[in-house]
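One structure is given here, and the rest of the page talks about it.
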Number of protein chains: 2
Amino acid sequence: MTSVKRPGSGVTSFDVARLAGVSRSAVSRAFTPRASISKDARLKVFDAASQLGYRVNPVARALNQRRTDLVGMIVARMDNPFRASQIDALSRTLVRHGFRPMLFCIDEGLGTEQLLSLLLDYSVSGVVITSDAPPIEICNECARQQIPLVLVDRDDRLPFVDRISGDNVKGGRIAAETLIEAGRHKLVVLSPETAVYSITTRIDAFVACADEQDVPVDVLNVGTHNYEAGRDAAASIAERRHDEIGVFCPSDIIALGLLDALRVKHGIKIPGEMSLIGYDDIPQSGWEFADMTSISQPVASFADGIVGLLTERIANPQTPPRNELLDVMLIRRGTV
Amino acid sequence: MTSVKRPGSGVTSFDVARLAGVSRSAVSRAFTPRASISKDARLKVFDAASQLGYRVNPVARALNQRRTDLVGMIVARMDNPFRASQIDALSRTLVRHGFRPMLFCIDEGLGTEQLLSLLLDYSVSGVVITSDAPPIEICNECARQQIPLVLVDRDDRLPFVDRISGDNVKGGRIAAETLIEAGRHKLVVLSPETAVYSITTRIDAFVACADEQDVPVDVLNVGTHNYEAGRDAAASIAERRHDEIGVFCPSDIIALGLLDALRVKHGIKIPGEMSLIGYDDIPQSGWEFADMTSISQPVASFADGIVGLLTERIANPQTPPRNELLDVMLIRRGTV
DNA sequence: GTCCATTTTGCACACGTGTGCAACAGTTTT
DNA sequence: AAAACTGTTGCACACGTGTGCAAAATGGAC
């Protein structure tokens with residue numbers, strides 16, 4: 001009847017209440033910050049709880065509150081090391097703030113929209129989206145259920161959806177200025193066909209800055225957003241070696257493909273014959289073979305910023321959409 | 001009174017039951033495979049459900065079943081591209097099988113043990129661990145709650161814990177054979193101080209295979225498991241260039257550091273002056289600068305194997321611990 | 001000691017679902 | 001036609017928690 005249950009799962013607030021000699025409500029209140037309960041009662045509850053190994057059941061709590069501690073992360077792919085370290089940092093920061101990160105990669109037949117509505121079923125505390133902007137109907141549904149959405153590196157202005165991104169304009173301008181200062185007066189910028197907001201913004205800022213200084217810029221279209229795209233663009237770039245051009249790749253993963261192929265396949269000296277600057281400052285850019293100048297977006301700031309936007313909107317759901325901009329920094333290495 | 005609720009959240013099985021003219025139990029049964037319900041009733045329920053936009057509330061279901069669709073993934077760090085792609089594949093495969101992946105990275109004060117007991121609170125369907133083996137008490141607790149655990153690339157034999165790993169013995173032997181076939185009769189293997197099971201197994205198999213063929217092997221200790229460790233080992237390796245040695249790195253991320261530094265800093269020709277073989281076949285190993293021979297562990301097989309072990313143990317919790325071995329494959333490139 | 005303001009407590013309901021059990025309908029066997 | 005059997009259905013309970021509300025307790029002022 002009054003048998004002591006084994007510590008761990010199976011211990012309910014009722015068991016704790018009985019041992020502590022209080023009502024079950026008191027137990028619930030003891031574990032609820034700012035609840036109406038006396039210091040004395042709370043202490044008795046904590047004592048009994050640790051004695052039994054009691055832990056609040058988050059599922060039951062979620063059913064009651066209609067809200068979980070879960071936060072969804074929707075990501076396209078993780079083959080880009082920048083995304084991987086971003087997710088790594090975000091996951092850690094979320095846990096430190098008491099959230100539980102879920103990871104979803106978009107897949108065959110499972111786009112951002114499907115994954116988002118799947119997350120809605122779980123009454124998540126929020127969703128961080130680094131893939132595509134979801135359709136507006138879903139956003140409205142999220143707003144109605146007061147589920148915060150944070151868009152990373154996307155510019156789509158949606159009702160009640162917060163955005164965060166690096167300062168792509170500043171980054172693009174720094175790239176142009178750095179190349180021009182290095183004496184490159186013919187510029188080239190690689191533009192992936194599948195370019196998203198952050199990429200095009202960098203390119204536009206780069207071109208604008210070059211225009212201001214009357215430096216000609218070629219925009220060279222490449223395939224997708226990966227190493228192979230940069231590598232395959234090398235032949236076209238190699239033709240211009242005599243011009244001592246300065247090349248800007250709006251993403252390190254592309255830049256490394258280009259740099260690698262230019263040196264290995266075409267034997268081009270960098271920065272001797274041309275200069276190159278990338279973006280993201282992924283670890284590989286610091287490797288010996290590359291030693292590539294790049295523009296760094298600190299992943300820790302991303303994580304902090306994202307969680308900040310989430311918690312603020314949870315505290316005050318009616319605030320108008322915010323757009324946070326993170327500072328970027330030039331990392332000088334050996335390709336300029 | 002009978003007002004139709006807005007589609008989406010807030011629609012309960014009760015609403016569906018009323019519209020379909022059946023009991024609430026029927027709705028529950030309609031969404032439960034192999035439940036006792038007539039074709040006719042199920043159809044009526046589905047019709048009403050789609051009309052209202054009803055979706056089963058997974059939180060309420062979880063509270064009742066004492067089991068979630070969540071599966072925890074505990075990982076050390078994601079800076080190794082192999083781990084990143086492993087998690088990427090695993091996340092996709094889990095979702096395809098109806099699970100919801102949660103991602104936890106071990107952190108300051110949050111080791112495998114803490115994260116695991118945190119996951120227990122959520123009544124997860126299972127946990128995939130790629131960090132450390134958890135203490136046996138936690139494993140017992142998981143067994144008691146019938147929560148399947150899968151250990152990836154770890155050898156710790158624990159009660160009711162399944163394990164999966166690549167065939168590290170085969171991989172290590174292939175490495176040795178390949179180097180010896182290439183005419184290298186002095187071998188070196190890099191051994192990280194922080195080596196875990198999978199790494200040491202590869203090394204042991206490599207050494208054993210060399211011994212069988214009477215080929216001498218030097219074991220060279222390096223620091224941690226990353227690019228910098230390999231890079232810093234280059235000086236020591238460079239001293240032996242006259243021996244035309246064959247080097248095995250039990251992890252590509254280390255191998256690339258070594259390869260990169262050997263070529264760039266010490267100007268050593270590979271495979272001219274020495275041969276090198278890595279492990280994991282991460283994308284960077286196929287890059288131009290590296291063109292590194294490596295041993296591939298297919299991440300897709302890992303994901304499928306893990307989910308297979310999970311589902312089988314969910315179906316039959318009493319099966320003895322299994323140990324699944326995945327085939328590995330030599331990827332011939334230009335460093336041997 | 002009385003009265004009022006404030007804090008603390010416990011009851012009871014709600015959150016949305018799965019399922020054992022008994023009742024029931026429909027079909028086959030004797 | 002009665003009996004036995006198979007397949008469906010609805011009732012009612014359980015899962016473990018948070019919280020509004022009224023009652024009780026506490027503390028202070030007179």
Side-chain angles (χ1 to χ4, degrees), chain A residues 5 7-46 48-49 52-70 120-125 145-146, chain B residues 5 7-46 48-49 52-70 120-125 145-146:
Chain A
K5 300 199 182 181
S9 176
V11 184
T12 75
S13 58
F14 186 75
D15 302 321
V16 177
R18 191 172 35 187
L19 179 60
V22 296
S23 79
R24 202 186 50 73
S25 314
V27 179
S28 174
R29 284 192 251 262
F31 285 96
T32 308
R34 291 175 301 282
S36 166
I37 187 174
S38 66
K39 265 290 172 226
D40 179 53
R42 171 166 273 149
L43 227 65
K44 278 195 294 185
V45 169
F46 281 174
L52 294 175
Y54 168 78
R55 313 190 60 172
V56 177
N57 183 329
V59 176
R61 185 206 290 257
L63 176 60
N64 191 307
Q65 313 271 63
R66 278 174 295 284
R67 186 99 326 165
T68 348
D69 290 336
L70 299 168
L120 283 185
D121 293 343
Y122 277 85
S123 313
V124 294
S125 282
Q145 296 189 34
Q146 300 209 340
Chain B
K5 298 197 183 182
S9 175
V11 185
T12 75
S13 58
F14 186 76
D15 302 321
V16 178
R18 190 172 38 187
L19 180 61
V22 296
S23 80
R24 202 186 51 71
S25 313
V27 179
S28 176
R29 284 192 250 261
F31 286 98
T32 307
R34 291 175 300 283
S36 166
I37 188 176
S38 66
K39 265 291 171 225
D40 179 52
R42 172 165 271 149
L43 227 65
K44 277 196 294 185
V45 169
F46 281 174
L52 294 175
Y54 168 79
R55 315 190 59 172
V56 177
N57 183 329
V59 176
R61 185 207 291 258
L63 177 59
N64 190 307
Q65 312 270 64
R66 278 174 295 286
R67 187 99 325 168
T68 342
D69 290 336
L70 299 168
L120 283 184
D121 293 342
Y122 276 85
S123 314
V124 295
S125 284
Q145 297 189 34
Q146 300 209 339

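Order of the sequence lines fixes the chain letters, A, B, ..., with proteins taken first and strands second; residue numbering starts at 1 for each chain. Keep in mind the model is a prediction, meaning the values are calculated, not measured.
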Nearest atoms (heavy-atom pairs only) where [X] meets [Y]:
X	Y	result
S28(A)	T32(A)	O-OG1, 2.8 Å
A30(A)	R42(A)	O-NE, 3.1 Å
Y54(B)	V27(B)	CE2-CG1, 4.3 Å
A49(A)	F31(A)	CB-CZ, 3.8 Å

Query - First-last contacting nucleotides on DNA chain D - partner chain A, under 4.0 angstrom, heavy atom - result: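 Range of nucleotides within reach of chain A: dG16(D) to dG20(D).
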**Report entry** 5′-ward residue of the pair A35(B)/Q65(B) relative to DNA chain D
**Finding:**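 First, find each residue's nearest nucleotide; the 5'-ward one identifies A35(B).
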Query - Atom pair CG (L52(A)) and OG (S13(A)), whose distance is rounded to the nearest 0.5 Å - result: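 The CG atom of L52(A) sits 11.5 Å away from the OG atom of S13(A).
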Requested in this report: Can you sort out which residues in residues 23-32 of chain B have a heavy atom within less than 4.0 Å of DNA chain D? Ascending by number, please.
Outcome: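 Within residues 23-32 of chain B, the residues near DNA chain D are S23(B), R24(B), S25(B), R29(B).
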Query raised in the report: Is there a residue in residues 37-44 of chain A whose heavy atoms reach under 4.0 Å of DNA chain D, and which residues are they?
Result: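 Correct list: empty, so none.
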Query - Qualifying residues under ring-ring contact (aromatic ring centres under 6.0 Å, His included), relative to F14(A), sequence neighbours excluded - result: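 By the ring-ring contact (aromatic ring centres under 6.0 Å, His included) rule, F14(A) matches no residue at all.
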Query raised in the report: Side chain of R29(A), backbone of S38(A): donor and acceptor closer than 3.5 Å?
Result: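 Such a contact is absent between R29(A) side chain and S38(A) backbone.
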Query - Steps toward side chain to side chain contact (heavy atoms under 4.5 Å, CB included) verdict (D15(B), R18(B)) - result: CA-CA 5 Å; D15(B) 302 321; R18(B) 190 172 38 187; 3.3 Å; yes
Without placing hydrogens or testing angles, list every side-chain donor-acceptor pair under 3.5 Å for residues 59-70 of chain A, not counting sequence neighbours.
| from | atom 1 | to | atom 2 | distance (Å) |
| --- | --- | --- | --- | --- |
| R67(A) | NH1 | Q146(A) | O | 2.8 |
| R67(A) | NH2 | Q145(A) | O | 3.0 |
| T68(A) | OG1 | Y122(A) | O | 2.4 |
| T68(A) | OG1 | S123(A) | O | 2.6 |

Requested in this report: Would you work out how much the helix from dG1(C)-dC30(D) to dT30(C)-dA1(D) bends between its ends, with each end axis defined by five base pairs, to 10 degrees?
Outcome: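 The end-segment axes of the helix from dG1(C)-dC30(D) to dT30(C)-dA1(D) are tilted 40° relative to each other.
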